[in-house]
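Reviewing the structure listed below.
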Amino acid sequence: MAHKTTEYQAFSHQILTWYRENPRDLPWRGIVDPYKIWLSEIILQQTRVAQGLPYYYAFVETYPTVKDLALAPEEEVLRLWQGLGYYSRARNLHACAKSIWFEMGGEFPNTYDELLKLKGVGSYTASAIASFAYAEVKAVVDGNVFRVLARYFGIDTDIASSPAKKEFEALANQIIPKDQPGEFNQAMMDFGARLCTPKNPGCESCPLKDSCFALLHNMVSDLPVKVNKIKIKERHLHYYVIKCGKNWVWKKRTSGDIWEGLFDFPQVESGTGDIAPAMEIPSSSAEETQHLPKKYRHILSHQRLNAVFSEVEIAEENLSKLENWCEEEGFMLVEESRIEYLAKPKLIVNFLNDQGI
DNA sequence: TTCCCGTCTA
DNA sequence: TAGACGGGAA
């Protein structure tokens, strides 16, 4: 396949040339510390650079080394992650740091295969760290790479399917120059992010415009092929915001649902939202449900949440009853000034902001 | 509405 | 192998 090798070399040469003139200025570029590269890559999973950037700065500042992260309490890590979404990333990040520090002697894994064993590190992230920090020849395949390869080579495999991942990884690993794998990987992602964009790509100024399959066949807007089949679930949550003086009742969310490890309020879920669900709260009466319920709609990728917040005031003389109830139900009383230190879903942050908290 | 496709899990 | 997992921006 001599002609293919030549074609691939021409392709990677063009991409690298473009990259040298058009690199994104990112804070982790040129960094060789695998810890910081790992941090940046986990933060950037499913996340736009602009959104992840402040979190990267905060994490590097708060936890400059893997040791600092390992010694931090998980709740503090989740609080710093608040608002970024996909919270399992933060839990896995922290669990990995502990494992690297306490079980691996603080030695960061330094091969693709070893990196892949870390929780939350899949083939993309393992390739990124291995190529950036250790110059291992492993091609990254993220959304940008899918798009660039699908368009240039005219691949119409559904990129949401399982075989697509293998097909694109195999191709990218054929193309990647063995003498500068990290540069090439960054070049591909920047090229996809800045020029070969999902909408309105810069084909007129593209260095590959004479050989791009999609452009030559007028298929730029048709590639890559992505079959969207997410089912969106409609949910109705009724939250009870229970206060006793300056104490609020909070609930730490458990596994098996969204927002694991984050804090919100005691809650009842109903199928339709038509019927106002009831919750047995000690020492409260109808008159003590002070304000009109506040309604919020919150959109996630797989769920549409319709949340209603009812405020319940408990007389301070009933504090000990409330404490017992919290104990039984697995709730916790949190003093108002401590609320800001809890890791909370965006929905709850929005509600609190509207309350002036 | 579509894009962020990355990883884990059932 | 499909579905779950966030939140913001274009």
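Letters go in sequence order (proteins before strands), and every chain restarts at 1. Side chains are part of it too, since the values below use all heavy atoms of this structure and drop only hydrogens, waters and symmetry mates.
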Report yes if at least one side-chain N or O of A/R147 is closer than 4.0 Å to OP1 or OP2 of B/dC4; otherwise report no.
yes
Less than 4.0 Å between a side-chain N and a carboxylate O, is that true for A/R79 and A/E76?
no
Quick one: is A/S162 getting a side-chain N or O under 4.0 Å of the C/dA2 phosphate, OP1 or OP2?
no
For the side chain of A/Y86, counting heavy atoms from C-beta on, which of C/dG7, C/dG6, B/dC4 is nearest?
C/dG6
Taking only heavy atoms on the protein side, list every residue of residues 113-122 of chain A lying under 4.0 Å from any atom of DNA chain B, sorted numerically.
A/L118, A/K119, A/G120, A/V121, A/G122
With a 4.0 Å limit, can you tell me whether A/W259 has a side-chain N or O closer than that to the phosphate oxygens OP1/OP2 of C/dA4?
no
Nearest to the side chain of A/P345, heavy atoms from C-beta on, is which of C/dA4, B/dC4, C/dG7?
C/dG7
Between B/dT9 and C/dG6, how far apart are the P atoms? Round to whole Å, please.
14 Å
A/V312 versus A/V249: any side-chain heavy-atom pair under 4.5 Å?
no
Where does the angle between the aromatic ring planes of A/W248 and A/W250 fall among parallel (under 30°), tilted (30 to 60°) and perpendicular (over 60°)?
parallel
On DNA chain C, check which nucleotide each of A/R91 and A/A50 is closest to and give me the residue with the more 5' one.
A/R91
Short side-chain N/O contact to C/dG7 OP1/OP2 from A/H298, under 4.0 Å
yes
For the base of B/dG6, is there a side-chain donor-acceptor partner from A/Y124 under 3.5 Å away?
no
Does A/K233 have a side-chain nitrogen or oxygen under 4.0 Å from the phosphate oxygens OP1 or OP2 of C/dC5?
no
Between the base of C/dC5 and the side chain of A/R89, is there any donor-acceptor pair under 3.5 Å?
no
Using a 4.0 Å heavy-atom cut-off, does A/A160 contact any base of the nucleic acid, only the sugar-phosphate backbone, or nothing at all?
base
Would one find a side-chain N or O of A/Q303 under 4.0 angstrom from OP1 or OP2 of C/dA4?
no
Presence of donor-acceptor pair under 3.5 Å, side chain of A/S301 and base of C/dG6:
yes
Where DNA chain C forms stems, i.e. three or more consecutive Watson-Crick or G-U pairs with both distances under 3.5 Å:
B:1-4 with C:7-10, B:6-10 with C:1-5
Would you classify A/D158 as touching base, sugar-phosphate or nothing, given that sugar-phosphate means primed atoms plus P, OP1 and OP2, and contacts are heavy atoms under 4.0 Å?
nothing
Looking across every strand, which nucleic acid part, if any, lies under 4.0 Å from A/Y87 by heavy atom: base, sugar-phosphate, or nothing?
sugar-phosphate
With heavy atoms under 4.0 Å as the rule, sort A/I159 into base, sugar-phosphate or nothing.
base
What's A/S88 touching, base or sugar-phosphate or nothing? Going by heavy atoms closer than 4.0 Å.
nothing
